[in-house]
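Computed from a predicted structure; not experimentally measured. Order of listing sets the numbers, starting from 1, for every ligand and every atom in it. We're numbering straight along the sequence, starting at 1.
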Amino acid sequence: MSWEENVRKVVPYVAGEQPKDPTVIKLNTNENPYPPAPGVAEVIRRFDYDSLRKYPDQDVSALVSALAGHHGLDREQVFVGVGSDDVLAMSFLTFFNSGKPILFPDITYSFYDVWADLYRIPYEDQPLDENFCVREEDYFKENGGIILANPNAPTGVASERSVYEKIIRENPDSVVIIDEAYVDFGGESCVPLIEKYDNLLVVQTFSKSRSMAGMRIGYAMGNRKLIRYLNDIKFSFNSYTMNTVTIAAGVASVEDEAYFAETTARVVATRERTKRELAKLGFVFPDSKTNFIFAAHKTVPAQELFDVLRENKIYVRHWNKPRIENYLRISIGTDEEMDKVLTFLEEYLTNRKCIK
Ligand SMILES: *Cc1c(COP(=O)(O)O)cnc(C)c1O
């Protein structure tokens, strides 16, 4: 007997690289190119560090209240965690216990199958159609739960709320999780459906649209009963998941609606311009409603482009996986960063034609 036989073995999720070199144009993890709301800096600068002697508020009340107000919900309908990865992992543990397979698309956030494996939850992936759209009928069958990202990652494709509503309505015996990490860049949120369906959990994050990936704040919204069950699991695991500084910074972000609207609109404007420029350079891509574009070049393989971009200190994301091996996921940076990328690509693609 070896102790190794009793280890819970998993193949971990691989996140995009975080290079130390500050001159890298970093378009590989969908971070926001703009700083967090000015109030966030103010709160951290003025933070009463003597208060760190004490444990944080285990109910995260200030942030829960701010988010409930922002979304027009009651406090009992909001659950906060350390990034939406934490919230999603806890949701898998809480809700997906039937022994039946859970369902999610074949191309989606690659953490879903990692959590399923970690918790020994069986799953079946459902192929997206040829345009990378969800086929709703694939989710009208017996299952142990459903998770869908809207807009989806890494494709950037959003479906209408009615598509998700049908899936939620057809599955009253399963919890349906909608991961809205990118919804603020142009998707249709399912939050308005929460009052109507007690099996719907909507998850959002501060990492993308609120420019706070380094702070680690994510949250779930749903029926009071779902939120109570999530809290039971949280308090059976670690009561103090969110630290005092983060709670205060999160509140400051939510309080500045104008800044949030302005920076997300800027990212969207840059994305729309980048789409036009990429198309001119011979790229094709599904229409993105996110802060990234999932693009394939008509003639040049993605691996080649990924490699030359990387050599020139431009980081994007590429997966060697069926159906998507010829795509690059390019996060939207500032206008200046995107201009550098577009200029580089234009020169590379032109010169490449001359050589070959
Ligand atoms: C970025 C991302 C998350 C995780 O975000 P954190 O809040 O930083 O943990 C979850 N789901 C999707 C689809 C994402 O792209």
Side-chain angles (χ1 to χ4, degrees), residues 12-18 26-33 36 40 60 63 67 78-93 102 104-116 118 125 128 132 134 146-159 164 176-190 201-221 230 234 241-243 246-247 249-250 253-254 260 264 267 271 286 288-294 316-319 321 324 327 329-332:
Y13 171 76
V14 184
E17 235 178 306
Q18 294 293 125
K26 193 173 174 305
L27 306 175
N28 67 337
T29 53
N30 299 340
E31 288 142 338
N32 198 307
V40 174
V60 200
L63 187 51
L67 286 168
V78 179
F79 172 86
V80 171
V82 185
S84 56
D85 286 342
D86 176 55
V87 173
L88 289 165
M90 213 156 282
S91 302
F92 272 50
L93 180 62
I102 62 167
F104 48 79
D106 60 339
I107 302 162
T108 191
Y109 188 37
S110 46
F111 226 137
Y112 301 156
D113 57 349
V114 174
W115 288 314
L118 171 63
D125 49 20
L128 296 173
F132 294 138
V134 169
I146 293 171
I147 177 149
L148 296 163
N150 178 45
N152 197 13
T155 61
V157 174
S159 297
Y164 302 100
V176 179
I177 302 176
I178 308 293
D179 180 351
E180 296 188 347
Y182 301 101
V183 79
D184 300 318
F185 300 107
E188 251 188 324
S189 175
C190 286
L201 192 77
V202 179
V203 176
Q204 294 192 6
T205 175
F206 282 47
S207 298
K208 279 83 183 216
S209 55
R210 291 190 178 276
S211 308
M212 290 171 78
M215 217 64 215
R216 313 305 302 130
I217 307 175
Y219 57 107
M221 297 166 281
L230 264 178
K234 174 194 143 167
T241 50
M242 183 162 286
N243 71 68
T246 302
I247 296 170
S253 171
V254 179
F260 175 63
T264 47
V267 171
R271 176 191 73 204
S288 166
K289 298 289 183 198
T290 59
N291 66 338
F292 58 85
I293 298 171
F294 196 53
V316 298
R317 201 89 202 264
H318 174 244
W319 288 270
K321 283 188 182 173
I324 61 168
Y327 285 84
R329 191 195 67 188
I330 308 166
S331 307
I332 301 300

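Looking only at side-chain heavy atoms (C-beta outward), F292 and Y182 come within less than 4.5 Å of each other. Between V183 and P151, some side-chain heavy-atom pair lies under the 4.5 Å cut-off.
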Just the distances, no angles: every ligand 1 N or O to protein N or O pair closer than 3.5 Å, one line each.
| from | atom 1 | to | atom 2 | distance (Å) |
| --- | --- | --- | --- | --- |
| ligand 1 | 5 (O) | S84 | OG | 3.0 |
| ligand 1 | 7 (O) | S84 | N | 2.6 |
| ligand 1 | 7 (O) | S84 | OG | 2.9 |
| ligand 1 | 7 (O) | T205 | OG1 | 2.5 |
| ligand 1 | 7 (O) | S207 | OG | 3.3 |
| ligand 1 | 8 (O) | S207 | OG | 2.6 |
| ligand 1 | 8 (O) | R216 | NH1 | 2.8 |
| ligand 1 | 8 (O) | R216 | NH2 | 3.4 |
| ligand 1 | 9 (O) | S84 | N | 3.2 |
| ligand 1 | 9 (O) | D85 | N | 2.9 |
| ligand 1 | 9 (O) | D85 | OD2 | 3.2 |
| ligand 1 | 9 (O) | R216 | NH2 | 2.8 |
| ligand 1 | 11 (N) | D179 | OD1 | 3.4 |
| ligand 1 | 11 (N) | D179 | OD2 | 2.7 |
| ligand 1 | 15 (O) | Y182 | OH | 2.6 |
| ligand 1 | 15 (O) | K208 | NZ | 3.0 |

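Judged by distance alone, with hydrogens and angles left aside, the side-chain atoms of N291 form no donor-acceptor pair with the main-chain N or O of S209 at under 3.5 Å. Side-chain N or O atoms of R210 include none that pairs as donor or acceptor with a backbone N or O of T205 at under 3.5 Å. Looking at R271, its side chain does come within 3.5 Å of a backbone N or O of F185 through a donor-acceptor pair.
In this structure, the salt bridge (charged side-chain N to carboxylate O under 4.0 Å, His left out) partners of K26, at least two apart in sequence or on a different chain, are E31.
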